[in-house]
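Structure first, then comments.
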Amino acid sequence: MIDLREIKERRDEIAANIKNRGMKVDIDQIIELQEERAQLLKRVDELRSKRNENAAKMKGKLDSDVRAQLIEEGKALKDEISQDETLLKEVEERYLSLAKTIPNYAHKGIPTGVGEDDNREIKRFGKPTTFTFTPKDHIELGEALDLVDFDTGTKVTGPKFYFLKNEAVYMSLALERYALDTLRKHGFTPVLTPDLAKEEILEGIGFNPRGEESNIYSIADTDLCLVGTAEITLGGYHANTILEKEALPIKFGGISHCFRREAGSAGQFSRGLYRVHQFSKVEMFVYTLPEESEKVHEQLLAIEEEIYQGLNLPYRVVDTCSGDLGAPAFRKYDIEAWMPGRGDYGEVTSTSNCTDYQARRLNIRYREEDGSIRHPHLLNGTTIAVSRTILAIMENYQREDGSIAMPSILVPYLGFSEIRG
RNA sequence: GGAGAGAUGUCCGAGUGGUCGAAGGAGACGGAUUCGAAAUCCGUUGUACUGUUUACGGUACCGAGGGUUCGAAUCCCUCUCUCUCCGCCA
């Protein structure tokens, strides 16, 4: 949520931002509701003040007719207050539910555009892998080497679920260890979080469990959802608290079990490990001082690059355009690794600076030296998306004889240096 | 799952339906004292919204939500959470 005290003075800026992001939010309606709410609140406050005054008069001994008259006045006030309070509550609910849909401000430097195609490539590492033979995609490789079993995933759980088997299991664990060790070196606290979170926490982070494009699984008869990412639980960690300034930055490195509905995305086009309902990630989550968040954002991107350079996978970095940002993000960088099976780059990490947008809704604050209270900035980033990285390694490291070499940096974690049938 | 106890400010902890935003203590901060420190003494010390906008006021918040009442931290109801004991389980 943005700072609602600013919506009048920054109205034009907000309206332009909504448009650039391709969203439909009626800012003027929200401003009207805000004014309506302010008037009602003022009236209710005045009435309550009168009620308190009236009640205070009755503290001591009084003549019974004086008391009777005061009681009558009090009763009248009570009725009036409860009417206005009901009205205020209605207006407030409408106001807040709409105000929450206003997206975060966006960084001035990002490209304006509607979708993926408008993202700006800002860097490339390596060159798309070339082969002296006809390369296979990871589905073929996975079947041939008995590493990934989609058919059984479909049978047991459903389409877009899969079993990882044999060396792929070790790859998964090795990637997690590699990522965690790298994060620890950079001062992150390793964390394993619950895979379920309350809806209020989801909403605070900016997911709408009940929204139309809900991308997460709700648990029937509870207010819990499977988390789409540890971003949710790591952000919820400090919900409703006031942090001391010295505690910042707080840097968490969490293993994240991710669940995605991916409704409507079934079909041949998205076969394989690229788009699945469940996968694991190692996630970075940082609470920082507002004046440092842009610097930290660059650091998160640098860590992601360090990881993929360590794996020696060709990739490019894109600065995400306004239409593709997601409501909480102020700026977002994605790393896209080369995936020979797709013949294109595919997203493997994403790091967002959400400034104070999530912190405000989660009610996370910190105290400045002068005693004032502000919202810290929250950032998140993927260190490793396990399934997509396994995909990229399989396809980029395959050899003509059908075996797959392993990135040397993983070998100590794996205990083997190649996979062959 | 069964039985019981509890939830108050940064922490501990009192609180008879009106004088309670809340005693007392601790901690922290400021000051006095000191060569300096300890001890001691004095003072300050919640959050949000809001009105005039240094000053100074108003409203709300004593786990959450309802209710009773002229008036609720205090009475009633529902829920959540914590603790103890038993059961179950990895």
Side-chain angles (χ1 to χ4, degrees), chain A residues 1-9 30-100 102 192-204 209 218-225 233 236-248 250 257 356-376:
Chain A
M1 185 165 64
I2 63 168
D3 187 344
L4 298 177
R5 286 171 300 195
E6 296 179 343
I7 60 177
K8 258 186 255 178
E9 54 209 69
I30 296 170
I31 290 174
E32 268 174 45
L33 281 166
Q34 185 184 50
E35 280 167 359
E36 198 180 334
R37 173 191 171 263
Q39 281 178 12
L40 275 168
L41 186 65
K42 191 178 169 199
R43 195 157 82 212
V44 168
D45 275 359
E46 280 167 2
L47 285 170
R48 289 204 272 225
S49 181
K50 276 190 202 163
R51 176 197 61 194
N52 292 346
E53 217 176 291
N54 175 272
K57 284 181 193 159
M58 275 182 268
K59 276 176 199 164
K61 286 179 189 165
L62 289 174
D63 289 346
S64 57
D65 30 322
V66 175
R67 177 172 291 272
Q69 202 194 328
L70 287 172
I71 287 177
E72 279 315 303
E73 281 171 29
K75 280 185 178 170
L77 281 168
K78 185 161 85 164
D79 290 345
E80 210 175 338
I81 288 171
S82 83
Q83 271 181 28
D84 283 355
E85 276 178 342
T86 308
L87 200 56
L88 174 64
K89 201 172 159 188
E90 281 170 19
V91 170
E92 198 149 45
E93 271 169 19
R94 256 192 307 150
Y95 165 59
L96 279 177
S97 70
L98 285 175
K100 282 178 190 168
I102 301 173
L192 270 176
T193 83
D195 291 330
L196 298 166
K198 296 180 184 174
E199 284 178 3
E200 63 183 71
I201 302 288
L202 280 279
E203 278 165 24
S218 304
I219 308 296
D221 302 322
T222 68
D223 67 339
L224 294 173
C225 302
T233 37
Y237 192 100
H238 286 297
N240 298 313
T241 52
I242 301 181
L243 301 161
E244 291 308 319
K245 188 177 181 183
E246 302 79 62
L248 300 173
I250 293 169
H257 300 125
D356 57 359
Y357 190 84
Q358 295 174 324
R360 186 168 291 109
R361 239 201 273 181
L362 288 168
N363 196 25
I364 301 170
R365 294 163 293 171
Y366 75 95
R367 204 181 300 276
E368 278 287 354
E369 281 102 347
D370 65 2
S372 63
I373 287 180
R374 301 170 69 194
H375 295 284

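Below, read A as the first sequence line, B as the second, and so on, with proteins coming before strands; counting in each chain starts at 1.
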Notebook entry, point to check: Among all residues two or more places apart in sequence or in another chain, which pass the salt bridge (Lys or Arg N to Asp or Glu O under 4.0 Å) test with A:E32?
Noted result: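 In terms of salt bridge (Lys or Arg N to Asp or Glu O under 4.0 Å), with neighbours along the sequence ignored, A:E32 is linked to no residue.
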What distance, rounded to whole Å, do you find between the two [atom1] atoms, one in [N] and one in [M]?
| N | M | atom1 | value |
| --- | --- | --- | --- |
| B:rU10 | B:rU47 | C1' | 13 Å |
| B:rA3 | B:rC12 | C1' | 29 Å |
| B:rC29 | B:rG65 | C1' | 38 Å |
| B:rU50 | B:rU68 | C1' | 30 Å |
| B:rA39 | B:rU33 | C1' | 11 Å |
| B:rC56 | B:rG67 | C1' | 37 Å |
| B:rC49 | B:rU8 | P | 24 Å |
| B:rC62 | B:rU74 | C1' | 10 Å |

Notebook entry, point to check: Would a 4.5 Å heavy-atom cut-off, applied to side chains only, mark A:L4 and A:I7 as touching?
Noted result: yes
Next item on the list: Would you mind reporting whether A:R67 and A:M58 have side-chain heavy atoms less than 4.5 Å apart?
Entry: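 Counting from C-beta outward, A:M58 and A:R67 do come under 4.5 Å.
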Rounded to the nearest angstrom, tell me the gap between atom [atom1] in [X] and atom [atom2] in [N].
| X | N | atom1 | atom2 | result |
| --- | --- | --- | --- | --- |
| A:R361 | B:rA48 | CZ | C1' | 18 Å |
| A:N363 | B:rC49 | CG | P | 10 Å |
| A:N240 | B:rA48 | CG | P | 13 Å |
| A:R37 | B:rA48 | CZ | P | 14 Å |
| A:E200 | B:rC81 | CD | P | 12 Å |
| A:Y366 | B:rU10 | OH | P | 20 Å |
| A:E244 | B:rG27 | CD | P | 18 Å |
| A:I242 | B:rA28 | CD1 | P | 20 Å |

Check: Will you find, in the side chains of A:E93 and A:Y95, an N or O donor that is under 3.5 Å from an N or O acceptor?
Finding: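 Looking only at side-chain atoms, A:Y95 and A:E93 do not form any donor-acceptor pair under 3.5 Å.
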Margin query: Ignoring hydrogens, what is the shortest heavy-atom contact between A:N54 and A:G74? Give both atom names and the distance.
Written below: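 Smallest interatomic distance, heavy atoms only, reads OD1-CA, 3.7 Å.
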Item checked: Shortest non-hydrogen contact between A:Q34 and A:K8, atoms and distance -> OE1-CE, 3.6 Å
Notebook entry, point to check: Under 4.0 Å: is that the gap between some side-chain N or O of A:R367 and OP1 or OP2 of B:rU47?
Noted result: yes
Next item on the list: Give a yes/no answer on whether the side chain of A:R365 brings an N or O atom under 4.0 Å of OP1 or OP2 in B:rA48.
Entry: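 Checking B:rA48 against A:R365, a side-chain N or O does come within under 4.0 Å of OP1 or OP2.
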Item checked: Presence of salt bridge, A:R48 and A:E85, under 4.0 angstrom -> yes
Checklist line | Salt-bridge present (A:E203, A:R361; N to O < 4.0 Å) | finding: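 A:R361 and A:E203: not salt-bridged.
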Checklist line | Any donor-acceptor N/O pair, A:R360 side chain to A:M1 backbone, under 3.5 Å | finding: yes
Next item on the list: Starting at the 5' end of nucleotides 57-70 of chain B, put B wherever the base has a protein heavy atom under 4.0 Å, S where only the sugar-phosphate does, and a dash everywhere else.
Entry: -BSS-----S--BB
Next item on the list: Quickly, which of A:T86, A:L33, A:L41 forms a side chain to side chain contact (heavy atoms under 4.5 Å, CB included) with A:V91? Name it, please.
Entry: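 Exactly one option meets the side chain to side chain contact (heavy atoms under 4.5 Å, CB included) with A:V91, and it is A:L33.
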Check: For RNA chain B, what string of dots and brackets results from 5' to 3' when Watson-Crick and G-U pairs need both distances under 3.5 Å, crossing pairs get [ ], and pairs with another strand get |?
Finding: ((((((((.[[[..)..(.....]]]((((((.......))))))((((((....)))))).[[[[[..)....]]]]])))))))....
Next item on the list: Name the nucleic acid region contacted by A:L77, choosing base, sugar-phosphate or nothing; use a 4.0 angstrom heavy-atom cut-off, strictly under.
Entry: nothing
